[in-house]
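Keep in mind that the numbers below use all heavy atoms, side chains included, and drop hydrogens, waters and symmetry copies. Chain naming here is simple, since letters A, B, ... match the order of the sequence lines and numbering starts at 1 in each.
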Amino acid sequence: MSGAVWGLIGVVVLILAAATAAGQALSRQTDLGLNTGAVTAFNARVRAAWVSCCLLAGAFVFSPWVTVTLFGFISFWALREFITLTPTRLGDHRALFWTFFLFTPLQYVLVAQDQFGLYSVLIPVYAFLFIPARVAVAGDSKRFLERIAKIQSGLLICVYCLSFAPALLYLNIEEDPQSKWRNAGLLLFFIIMVQIADALQYVIGRVYGRHAIAPNINASRTWEGFLGGSGCAALVGMSLWWATPFNPLQAAGMSLLISVMAAAGGLTMSAIKRDRGVKDYGTLVEGHGGVLDRIDSICFAAPVFYHITRLLLTP
Amino acid sequence: MRTSSPAMPDSNQSRPLSLITENLLVLVAKFFSGSSARWIDCQPDTTQRVYFANHTSHLDAIIVWSALPRPVRMLTRPVAAKDYWDKGWVRSYLAKVFNALLIDRREIKVHQSPIDLMLREIGDTYSLIVFPEGSRNTKNEIQEFKSGLYYLSKKRPELELVPVYIENLNRVLPRGEFLPVPLLSCINFGPPMWLEQGEPKAEFLERARAAVCRLKDVQE
């Protein structure tokens, strides 16, 4: 494994260790007048980050296939959380079956086969057209457009968008003998930057936040947090450029992009949750919300990050 | 009526193949239903109980059974329709694995009432999973309960009656479909109840139905 990837992993372990230590210290301080709920939530997030990092690191050690499969299962679970929350009708049943058991696995098989020409159109073209046709055949026209739009959105967000994260592993970056590990570094950089951007926006919003972006949707996302967090994320990204195929300026720009998309993803998924009247998507791990709550920012950032990287770096 | 020697169904422990299928079945059932069991004012226990649940899907019996912890599951027999679970070798094998107590819905003989059959089969060891609505409901509301639950507790008033609400399973495998869609379902177990001394049938059945309905609105 190349030095850059090890370096990134070292950075992650350092950050997480610092966060764990800070969380433990905060939970012992009772006289600072801190919100204990916020501290508990912070500690839960740090624990979740440890778990996801271990999973990712394990996947890297084996082969790209393992990483793709891991993301495939995450997509599958996120999609079931999404559809569970969405009211569907009996007429959607068969379309949903194919959504879960054909399009979702096929997308990831195509990603693992590096068939960019196929997996980039499978869901936006074939599934997009198949779903309304199959629902129409079932013959239930009640709230038709609304129902198909919900299934399509779920498939696009949870499966299509997320699949571009492991697709980074197959991106053909110039002529580089160490390409494989550079790609692993690229994916790692992407995931780390999404997490850092999320954390920075949350913390800065918490401390300096005055003006909520959309108070009716999510009161904790503020303009101050968004702008400050994105700026800081760009600086952090720039300081990690040595682990990526980018130059420092590109690394800063990509980090800014990731931060903006992460905020967009978080806010969009909050809007859906708010509409359905729930706080979290699932109950997979006690107190951690659902899988979808953890990956909403990744889902939005992955396809854009992939696309821009492809434009910048591939011949 | 209590029989001294209950008819023991095939013991799964003795056959390794069944043990494998049993664990596999539980895994598959949990995967497809994504079910999380919630115990509300009630703890899993091996005392003799009758779990009664709303009936929305063919999978109900398997899912509720799989949601129980293994020691409880080993001693619990879901009551299922013979005409469905007898068809084909896959279904009848599965029914054997999850230890189903098959009841013939069509031929109910006078001297062989299903209630007597159930009581004879469970003896003083096994618990039951029953669906007092009789048939799967198509609408979202819970139908009137059939009287079986009443006669069951009249003959064995000491059995704990545990209400169970199954959420979302009708979307996993709706009526008339054979391919499941793996949505996340939820199984709520409620506080045990008993038949009160001299409680009229209609009142008891309504009380039992209300106990299941109450579990519907439980939020975490």
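Atom-to-atom distance recorded for B/E177:CD and A/L96:CG is 10.5 Å, nearest 0.5 angstrom.
The ring of A/F100 has its center no closer than 6.0 angstrom to the ring center of B/F32.
Looking at A/T84, A/L85, A/I83 one by one, the single match for side chain to side chain contact (heavy atoms under 4.5 Å, CB included) with B/L184 turns out to be A/T84.
No more than 12 heavy atoms of other residues, nucleotides or ligands sit less than 6.0 Å from atom CZ of A/F73. Under a cut-off of 6.0 angstrom, the local environment of CH2 in A/W50 is crowded, with over 12 non-hydrogen atoms contributed by other residues, nucleotides or ligands. A/Y126 OH: 12 or fewer foreign heavy atoms inside a 6.0 Å radius.
Listed for the A/H93 side chain is a donor-acceptor partner under 3.5 Å among the backbone atoms of B/L179.
Nearest heavy-atom pair, A/F97 versus B/P180, reported as atom, atom and distance to 0.1 Å: CD1-O, 3.3 Å. Residue A/R80 comes nearest to B/P182 through the heavy atom pair NE-O, 2.8 Å, listed as atom of the first residue, atom of the second, then distance.
Counting heavy-atom pairs closer than 4.5 Å to chain B, the top residue among A/L90, A/T99, A/T88 is A/T88.
Residue A/R89: no heavy atom, backbone or side chain, is found under 4.5 Å from chain B.
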